[in-house]
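Worksheet: one structure, shown below.
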Amino acid sequence: MNAVARSVPVEWLYEFVRYRELFFFLVWRDVKIRYKQTLLGASWAILQPFFLMVVFSFIFGRIAKVDTEGVPYQVFSFAALVPWAYFQYAVPLAGNSLISNTGLISKVYFPRAIIPASSALSGVVDFAIASAMLIALMVYFHIPFTAELLLWPLLLLPLVVFTTAVGMLFAALNVKFRDIKYTIPFFMQAMLFLSPVAYPTSAVPEHLTWLRYLNPLAGILDAFRASVLPARTIAWGELGIAIGLTLILFTIASVYFYRTERSFADLI
Amino acid sequence: MREAIHVEHLTKRYRLGSLRHETMLREALIGMFRKREKKHDETILAVNDLSFKVDEGEVVGLIGRNGAGKSTTLKLLSKITYPTSGRIHVKGRVASLIEVGTGFHDELTGRENIYLNGSILGMRKKEIDQRIDQIIHFAGVEKFIDTPIKRYSSGMRLRLGFAVAAHMEPDVLFVDEVLAVGDADFQKKCLSAMDDLRSGGRTVIFVSHNMAAIENLCPRTIWIDGGKLRIDGPTDQVIASYLATFSDAQRSGYDLEHVANRGGNGMMRFTRIEFLDDKGAPTSVFRSGEPMRVRFHYKVNERMKNPDVALAIHSDLGTRITTVSTWQAGYYIPEIEPGSGSIDLVIDSLVLQPNRYYLSMWISAVEEWFDVLDHCIAIDVEASDAHSNQGRGLHAKWGLVYTPSRWNLGPPVGAR
């Protein structure tokens with residue numbers, strides 16, 4: 001084995017595969033600790049999007065009265081809040097994961113990308129629990145299940161890839177620039193308003209559509225919602241663009257991470 | 001013999017600036033708009049053109065003073081950090097043990113932590129499954145294995161950490177100083193575990209300050225000095241030449257200004273050290289149990305606030321016996337101006353058994369090192385009549401420290 005002349009990305013991926021067990025152990029650790037430490041345990045997965053739904057229902061459902069495409073505002077917003085809550089939980093966790101695992105990075109070798117990637121994946125458990133809550137909500141409001149709802153779990157794939165890409169970028173930048181962590185909450189807030197969580201995609205004025213296309217999260221969240229709404233089908237074109245942009249971003253994040261990871265132990 | 005490790009012209013340069021300051025994005029952004037002043041970053045060569053080979057199954061010791069580059073070399077070999085230039089070839093499955101219990105999480109149980117720590121060290125789940133009972137037994141924590149380790153004592157954690165590490169089966173193992181911790185019994189256990197590793201035909205590089213452990217385990221030793229290879233050869237010869245650099249003729253004072261091997265940023269430097277007896281006369285004789293005075297002469301190059309002056313005494317095997325410092329004792333050296341001066345440490349009683357000891361000294365402030373002299377002077381402490389006339393005197397075989405004490409025999413046994 002060659003310890004230093006490790007320059008080909010193929011070998012980078014190979015190392016990642018070789019350490020896959022560590023990856024799953026770290027996911028398992030994050031999940032386990034999350035549910036061990038908090039008093040309410042798994043219920044956080046439901047409570048967080050649920051409270052946001054209540055607040056949004058009041059502001060956007062009652063005061064601003066947005067168009068909810070034929071379903072109660074509760075279901076309308078919750079359909080996007082479930083994937084949003086995952087994003088909101090996973091990005092800061094992954095973004096701060098390297099600097100909160102300083103001990104590991106300065107004492108042991110393993111592919112560094114495992115740390116932010118496992119943090120990003122650990123949020124999936126919450127997503128699954130919140131998804132069950134969504135089904136319950138749909139039953140309560142008598143929303144018919146469509147065939148597209150079967151795509152709900154599949155849509156998680158682009159969402160996780162996008163989240164991992166953003167998390168990896170933040171994590172790598174965070175090692176180099178210690179004030180990046182202050183920009184994460186700001187970024188999250190901006191993303192919440194730039195993505196169709198509280199409002200429908202149709203509310204975005206025509207001349208700003210390009211802005212919507214630039215944000216892959218918007219396309220992904222809208223697809224999640226469309227799979228729930230009986231009156232609409234998934235906008236495949238927009239979803240395609242979002243997935244394409246996600247893959248580009250993931251590539252950029254991986255390359256940046258790969259280029260900087262060698263200096264992590266020296267900087268951290 | 002086939003080669004297991006091949007290191008060629010290994011060099012690691014650190015930028016001092018990047019170590020000391022955290023870079024801020026805002027600074028970087030401001031820097032983009034400002035004219036680039038050529039920032040002259042100070043760099044240090046932690047490892048400098050190091051080359052060596054290790055054959056399969058060899059156990060090699062790595063010695064050197066603090067800051068000589070031992071740990072950096074180990075981190076480079078383990079791929080934790082990357083070389084500035086040079087090449088490293090390591091054949092086979094590698095495990096490195098730079099710290100025991102890396103990645104332990106307080107909330108997880110002992111068993112869960114074994115799995116987590118094992119996989120961090122590169123073990124497969126299957127291997128851990130096979131060895132978990134041995135690991136638990138080795139650590140001696142059977143009763144608490146399903147308790148969160150936040151309830152463990154520090155000794156139990158340590159044992160658990162070492163137990164996991166001792167059950168790895170790598171082809172090449174790098175070990176850093178893990179034996180320097182724990183009680184004597186546990187150290188013995190660790191040493192015999194290390195011995196098993198050796199007999200298992202594994203290639204091992206072992207970094208330690210503990211010369212006795214190195215002599216025990218490693219037939220061959222590499223001595224690194226200032227990031228460079230000084231001697232590579234049979235352990236007894238290398239250790240002898242290494243220890244010889246510490247000793248010097250017994251004198252009452254030493255010039256420290258020209259010691260090249262030192263750390264710190266040089267804002268303040270030791271220039272000379274003197275040993276005085278209790279009447280203030282220079283002396284070159286150190287006796288167990290007697291009072292003495294150590295005078296540090298220094299030079300201040302830049303005005304500074306509240307420096308801390310410290311002295312540490314080490315045994316001939318490198319174990320730190322004691323440290324005394326102004327900060328520790330609550331003395332507060334106010335702001336001092338550039339110039340020179342001296343400070344005295346008054347020792348009431350030199351509580352050391354007759355033997356050879358090494359002195360380290362440093363001047364520091366909060367997170368800042370001005371001058372660091374590691375193991376720079378050897379002193380020979382001689383026997384004295386510490387127990388007045390009635391005792392048996394003192395002897396090196398009775399340990400390192402002499403305990404000023406009296407016996408109270410109590411009422412005679414049998415007398416009613």
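Predicted model only: the values in this text are computed from it and were never measured. By convention in this document, chain letters (A, B, ...) are assigned in the order of the sequence lines, proteins followed by strands, and residues within each chain are numbered from 1.
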Once you round to the nearest 0.5 Å, how far does [atom1] of [X] lie from [atom2] of [Y]?
X        : Y        : atom1 : atom2 : result
A:Tyr19  : B:Ser119 : OH    : OG    : 10.0 Å
A:Leu26  : B:His105 : CG    : NE2   : 11.0 Å
A:Arg262 : B:Ile80  : CZ    : CD1   : 14.5 Å

Atom CZ of A:Phe50: over 12 foreign heavy atoms under 6.0 Å: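 Atom CZ in A:Phe50 is not packed in, count stays at 12 or less.
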Least distance between heavy atoms, [X] atom then [Y] atom:
X        : Y        : result
A:Ala265 : B:Thr81  : CB-CB, 4.3 Å
B:Lys79  : A:Tyr109 : O-CD1, 3.3 Å
A:Asp266 : B:Tyr14  : OD1-CE2, 3.5 Å

Carboxylate-amine/guanidinium proximity below 4.0 Å for A:Glu21 and B:Lys126: no
Flag side-chain contact, heavy atom, 4.5 Å: B:Ile120 against A:Leu22: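 Yes, their side chains come closer than 4.5 Å.
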Audit row: B:Lys125, A:Phe25, side-chain contact (heavy atoms from CB on, under 4.5 Å) steps and yes/no: CA-CA 9 Å; B:Lys125 182 173 175 293; A:Phe25 268 122; 4.2 Å; yes
Heavy-atom proximity to chain A below 4.5 Å, by part of B:Thr102: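 Its backbone and side chain both get close to chain A.
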Chain B contact via A:Ile105 - side chain, backbone, both or neither, heavy atoms under 4.5 Å: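 Contact with chain B: backbone only.
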Segment of A:Ile180 engaging chain B (4.5 angstrom heavy-atom cut-off): side chain
Short side-chain to backbone donor-acceptor contact, B:Lys75 and A:Ser106, under 3.5 Å: yes
Derivation and outcome, salt bridge (charged side-chain N to carboxylate O under 4.0 Å, His left out), residues A:Arg29 and B:Glu107: CA-CA 10 Å; A:Arg29 177 195 70 172; B:Glu107 297 290 337; over 6 Å; no
Interface residue of largest heavy-atom contact number with chain B, from A:Trp28, A:Tyr182, A:Phe264, A:Phe110, under 4.5 Å: A:Trp28
